[in-house]
Protein chains: 2
Amino acid sequence: MEFKKELEDKINLLRRKRIVITTPRLIILEYLLQNKVHPTAEEVYQSLKQRFPSLSLASVYNTLKLFSRLGITTELLLDKEKARYDINTIPHAHFKCLNCGKIYDLLDIKLPQKVTGHKVLSTQLYFYGVCQECLKKRSNK
Amino acid sequence: MEFKKELEDKINLLRRKRIVITTPRLIILEYLLQNKVHPTAEEVYQSLKQRFPSLSLASVYNTLKLFSRLGITTELLLDKEKARYDINTIPHAHFKCLNCGKIYDLLDIKLPQKVTGHKVLSTQLYFYGVCQECLKKRSNK
DNA sequence: ATTAGTGCAAACTATTTGCAATAAG
DNA sequence: CTTATTGCAAATAGTTTGCACTAAT
């Protein structure tokens, strides 16, 4: 089971950094690994609060900020209104459909890495447009 | 004078779209063309309110939103906290120095344009790191 | 037992909006 | 003169923070 190994890896990373493994941190980590959909903090909170009624939105925000600081997640600035979080930290591009809102990982697009003069620490590449699915639906009409 | 021609072009674009040329719109346009520094709405407002005391922050926000909708400016999501605006609408990449905060235009980096299946309407490529200037200062110590 | 982390509510920041007053054509 | 736009203040949305309580080690 891939998920168990991924979870263990992330937990070990937290342990190495002397970060306490708490219930919110654990369930958010599990959620992100099982739902790789680039959720917002609010979406994470809404998805988990039924099963964990004591979870607070503030803890979700704090946890996602912590994870991003530690490199466990990447903060995506695809939308102006709210940040999204990606548990897949292998550098890759994203495509957002302006029609249906869906966000796609583009693992095959290679990110430019060399920038003359400056030292690059991270790169974000965002595409916006109309996704294949929406294009198909339109041509059917 | 390059500036005059650029300004005329933008004003013509507004006229064609039947957008009224008002004082706020004109001075913000002039400001952006003469200070190509990717300012935030607040920075535009602070820079202009001395000379135009009647200008309001709300109008700056509304104007920058309008300009971006019309394609006169591009909204940059380099920072989570606030949007920045770029009057240079020729697609290009940006580099933000995490040390000094300066933002560089990277006109020589070519943006990937083809994405299998989906129709791309716009692309944003952001680099984060330490700029040449800061690297130099560090090595001097 | 000790310390880090949670959950709540309040605070904060960026941005948007309703509306009466104003300016552009 | 007519209608779009402004400026103000209030509202909104996302996110952060202070603090007493709780849980992890």
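Convention: sequence-line order gives letters A, B, ...; per-chain numbering from 1. Reckoned from all heavy atoms, side chains included, excluding hydrogens, waters and symmetry mates. Everything quoted here is computed from the prediction, not taken from an experiment.
Using a cut-off of 4.0 Å between Lys/Arg side-chain N and Asp/Glu carboxylate O, Asp105(B) and Lys36(B) are scored as not salt-bridged. Residues Glu75(A) and Arg84(A) are not paired through a salt bridge, judged by the lack of any N-O separation under 4.0 Å between the basic side chain and the carboxylate. Residues Glu30(A) and Arg25(A) are not paired through a salt bridge, judged by the lack of any N-O separation under 4.0 Å between the basic side chain and the carboxylate.
A distance-only check finds no donor-acceptor pair linking the side chain of Tyr128(A) to the backbone of Phe95(A) [under 3.5 Å].
You can see that DNA chain D meets the heavy atoms of chain A within a 4.0 Å-exclusive cut from dG14(D) to dT25(D), reading 5' to 3'. Mapping heavy-atom proximity under 4.0 Å, the span of DNA chain C touched by chain B runs 5' to 3' from dA14(C) to dG25(C).
Applying side chain to side chain donor-acceptor pair (under 3.5 Å) to Ser68(B) and the options Thr63(B), Asp86(B), Thr73(B) leaves one that passes, Thr73(B).
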Throw together a table of side-chain donor-acceptor distances under 3.5 angstrom for residues 10-18 of chain A, partners on residues two or more places apart or in other chains.
residue	atom	partner	partner atom	Å
Asn12(A)	ND2	Glu8(A)	O	3.4

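Proximity of Ser122(B) to Tyr126(A): side-chain heavy atoms (C-beta onward) are nowhere separated by under 4.5 Å.
Residues from residues 42-63 of chain B with heavy atoms under 4.0 angstrom of DNA chain C, sorted by number: Ala58(B), Tyr61(B), Asn62(B).
Heavy atoms of Ala41(B) sit nowhere under 4.0 angstrom from any nucleic acid atom.
Every residue two or more places apart in sequence or in another chain was checked for a ring pair (Phe, Tyr, Trp, His ring centres under 6.0 Å) with Phe67(B), and none qualifies. Here Glu133(B) pairs with Lys102(B), Tyr104(B), Cys131(B), Lys137(B) under the side-chain contact (heavy atoms from CB on, under 4.5 Å) rule; sequence neighbours left out.
One hydrophobic cluster, built from ILVMFWY side chains closer than 4.5 Å, cannot hold both Leu76(B) and Leu107(B); they sit in different ones.
Looking at which nucleotide of DNA chain C each of Thr23(B) and Ile19(A) is closest to, the 5′-most match is held by Ile19(A).
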